[in-house]
2 protein chains.
Amino acid sequence: MTDVARVAGVSHQTVSRVLSGHPNVSAKTRAAVTQVIEQLGYRRNSAARALATRRTHTLGVIAVNTTLHGPASTLAGVQEAARERGYLTSAVTLRTATQTALAEAMHHLAGWGVEGIVAVTPQRDAVRALAALEAPCPVVTVEGGHTLDLPGVSLDQNLGARLITEHLLASGHATVWHVAGPPDWLESEARTQGWEDALREAGAEVPPLLRGDWSPLSGYQAGQQLAGRVRAPRGRGAGLTAVFVANDQMALGVLRALREAGLRTPEDVAVAGFDDIPEAEFFPPPLTTIRQDFASLGRASIGLLLDHIEGRTAESTHLVVAPELIVRASTARRSLPSGE
Amino acid sequence: MTDVARVAGVSHQTVSRVLSGHPNVSAKTRAAVTQVIEQLGYRRNSAARALATRRTHTLGVIAVNTTLHGPASTLAGVQEAARERGYLTSAVTLRTATQTALAEAMHHLAGWGVEGIVAVTPQRDAVRALAALEAPCPVVTVEGGHTLDLPGVSLDQNLGARLITEHLLASGHATVWHVAGPPDWLESEARTQGWEDALREAGAEVPPLLRGDWSPLSGYQAGQQLAGRVRAPRGRGAGLTAVFVANDQMALGVLRALREAGLRTPEDVAVAGFDDIPEAEFFPPPLTTIRQDFASLGRASIGLLLDHIEGRTAESTHLVVAPELIVRASTARRSLPSGE
DNA sequence: TTTTGACTTGTTAGCGCTCACAATTCTACG
DNA sequence: CGTAGAATTGTGAGCGCTAACAAGTCAAAA
């Protein structure tokens, strides 16, 4: 910077002013300095800047399971939004969101002086641990629910589940079964709740719940159980004609199990998923599901976080994004209620 | 730091020495200082440190398409390895790897004083652009091929394709068709090459090439063409009994197209993929594929990069990792060659 | 006891930047 | 033409840390 100042024949402070876009610099000086900067290929040292301003302009991201479609897309949205607004992001990927792992991640980020943290931790325990941890900076959660007082953004999982369930009911099914995700995931619970609410409101019977762990394998196992129920039409499983699976990956497993049991989708059993992963359109058959705009979710979280950091009091500390129902072949309308 | 020094009754320099693990500090002093640090919850300011040492301990990652399984896993590996070695990573996600986008990303990272960059850019043009760009720091590529003089790590795509092809030939197929990825992707070309080599070595006919763009949709379209060939057994398509698809997502599309055309997998046409995405095991039918250890790839790239940065002359500037063949139902052995 | 050398600790000067303030120049009006 | 007020530029200090050197301490050898 001193070099630039010398060559341009001004003080280092003037160079600094040009770089920061300070208004009180004459057009002539600004042009001259800009040209020298260009010519010398000078770049302002961010460490020195951070030291002097006490602002690192760095944000941290803590995420679990970033190899999955949802978190990965969210991450991309977060990064992009932060970059646009002049911040550096650094992500820490956790295998499991234990209290210690979270604390360690936060410690790591804090060591680098991050000014804020976006936590993509959709598990109830993780959010609780996060709230318990005294953070050295503002924290915003993505899909963290709003039970605790952490600000955050989330998708209206409940609404999504209702949309799916109502769609299936409207397609002529007497009721809808549900394969839920792990009970400690907030998303999982919200989807289950939405499903149950929609059934009750429609006056439909609420069948027993099946659970998986989001993996295709667990969906497959749940699917085998479901297939068994269909085949034994007496008792509680009677009338199993539609299933809402809590995510697309498990739905893939369910579809396989049903197929192996000789059941057709959607003729014998309609199946719907949740997430709209890119593969969903090519499942056997193409899957009805709920599209989540993860990237927007990520962007929104950055907006919220920067509102906090940069002092704009965010009136709404909680943003909820609406989902979109994508209807495909796996829930094609049944012209005649079966079994009559 | 001054506070810590005051409370511990030593100079700030001694505190610095304790923090840096300098050997010449008496055990007693070290213990005392450590305790005060603990007590005050002191954390060394990384900006000041970077300013004084002229080392930011920050690495940049440039990646395309991070929402896909491969890049996302690689990213996770990179991050983890860097964190273990005391570096901060910052990722920039690009939609498309154009020269300008790459330059901008590099500029962004350079502005933050990154000491090295890992580029996950598997496209030929991207690597070329990267090589042309004069980087402000060492750059290591992942899946960037070794045609240019950028150091990097990659998986032996060629070998993977050979394994698949040889497996299919060994299963009793006269030859193997191939649905390739986009021609400007290095991975795509290497897989095509491996397939072709294996066929030639086995003395099998090399059928015409089909191409997709990695998406399930493009696989579906390719699958429709393939199905047409099977149905019209005169001419060049005769004997189409096995297909090697260049990635699992396209394979999903191919499977759907074949199924819709009334062809059974593997009885009528065997299908194999590449990548081993988590869903592959639950495809209809479970997909034979090549498993890639993306996380190790990411870790290896960090190893290579730090070798460069920290001055250890890396003898091998190019690492190649071996893939693993995963055999599943989609290529079940055919007991009798069909059509005889 | 004295001296030597190794070990331990303290002192000073920046790293490259921004902030607050001082100094200078320019503009406009009486 | 003089001067207030604004606009522009320069000066010095300091952000929190480490590198290099200086100084002090202690043990063992002479």
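Here is how names work: the chains are called A, B, and so on, in the same order as the sequence lines, proteins then strands, and each is numbered from 1.
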Item checked: Atom pair CD (A:Glu134) and CE (A:Met106), whose distance is rounded to the nearest 0.5 Å -> 10.5 Å
Item checked: From C:dT9, C:dG10, D:dC17, nucleotide with atom closest to B:Val10 side chain -> C:dG10
Next item on the list: Fit a plane to each ring of A:His69 and A:Phe294, take the angle between them on a 0 to 90° scale, and name the class: parallel (under 30°), tilted (30 to 60°) or perpendicular (over 60°).
Entry: perpendicular
Notebook entry, point to check: Just how far, in rounded Å, is P of D:dA13 from NE2 of A:His12?
Noted result: 12 Å
Checklist line | Proximal nucleotide (of C:dT9, C:dC17, D:dG10) relative to the A:Ala48 side chain | finding: C:dC17
Item checked: A:Thr98 side chain to A:Thr96 side chain, donor-acceptor N/O pair below 3.5 angstrom -> no
Next item on the list: Let me know the distance between NZ of A:Lys28 and C1' of C:dT25, rounded to the nearest Å.
Entry: 12 Å
Checklist line | Residue B:Arg54, side-chain heavy atoms: nucleotide from C:dT9, D:dT18, C:dC15 that is nearest | finding: C:dC15
Check: Within this structure, what is the CG-to-P distance between A:Asn45 and D:dC17, rounded to whole angstrom?
Finding: 16 Å
Note to self: Which nucleotide wins on minimum distance to the side chain of B:Ala52, given the candidates D:dT18, C:dG10, C:dC17?
What the structure shows: D:dT18
Check: Should we say atom CZ of A:Arg95 is surrounded by more than 12 heavy atoms from elsewhere, each under 6.0 Å from it?
Finding: no
Check: Any side-chain N or O of B:Asn24 less than 4.0 Å from the OP1 or OP2 oxygen of C:dT8?
Finding: yes
Notebook entry, point to check: What nucleotide, of C:dC17, C:dT18, C:dT8, holds the atom closest to the side chain of A:Ser20?
Noted result: C:dT18
Check: Between atom CZ in B:Arg49 and atom P in C:dC15, what is the gap in whole Å?
Finding: 19 Å
Next item on the list: Using whole Å, report how far CH2 of A:Trp112 lies from P of D:dG16.
Entry: 19 Å
Check: Hey, is the side chain of B:Arg17 pairing donor to acceptor with the base of C:dG10 inside 3.5 Å?
Finding: yes
Note to self: How many whole angstroms separate atom CE of A:Met1 from atom P of C:dC15?
What the structure shows: 14 Å
Check: Expressed in angstrom and rounded to an integer, what is the separation of B:His57 atom NE2 from D:dT18 atom C1'?
Finding: 12 Å
Next item on the list: Establish, with yes or no, whether the OP1 or OP2 oxygen of C:dC17 is under 4.0 angstrom from a side-chain nitrogen or oxygen of A:Ser16.
Entry: no
Next item on the list: Let me know, please, whether A:Gln13 or B:Ser11 comes out on the 5' side of the other along DNA chain C by nearest nucleotide.
Entry: B:Ser11
Check: So, does B:Thr56 use its side chain to make a donor-acceptor pair with the main chain of B:Gly113 at under 3.5 Å?
Finding: yes
Check: Within this structure, what is the NE2-to-P distance between B:His22 and C:dG10, rounded to whole angstrom?
Finding: 14 Å
Note to self: Side chain of A:Thr29, heavy atoms from C-beta onward: which of D:dG10, D:dT9, D:dT11 has the nearest atom to it?
What the structure shows: D:dT9
Notebook entry, point to check: Would one find a side-chain N or O of B:Arg55 under 4.0 angstrom from OP1 or OP2 of C:dC15?
Noted result: no
Next item on the list: Kindly say if A:Thr53 contacts the phosphate of C:dT18, meaning a side-chain N or O under 4.0 Å from OP1 or OP2.
Entry: no
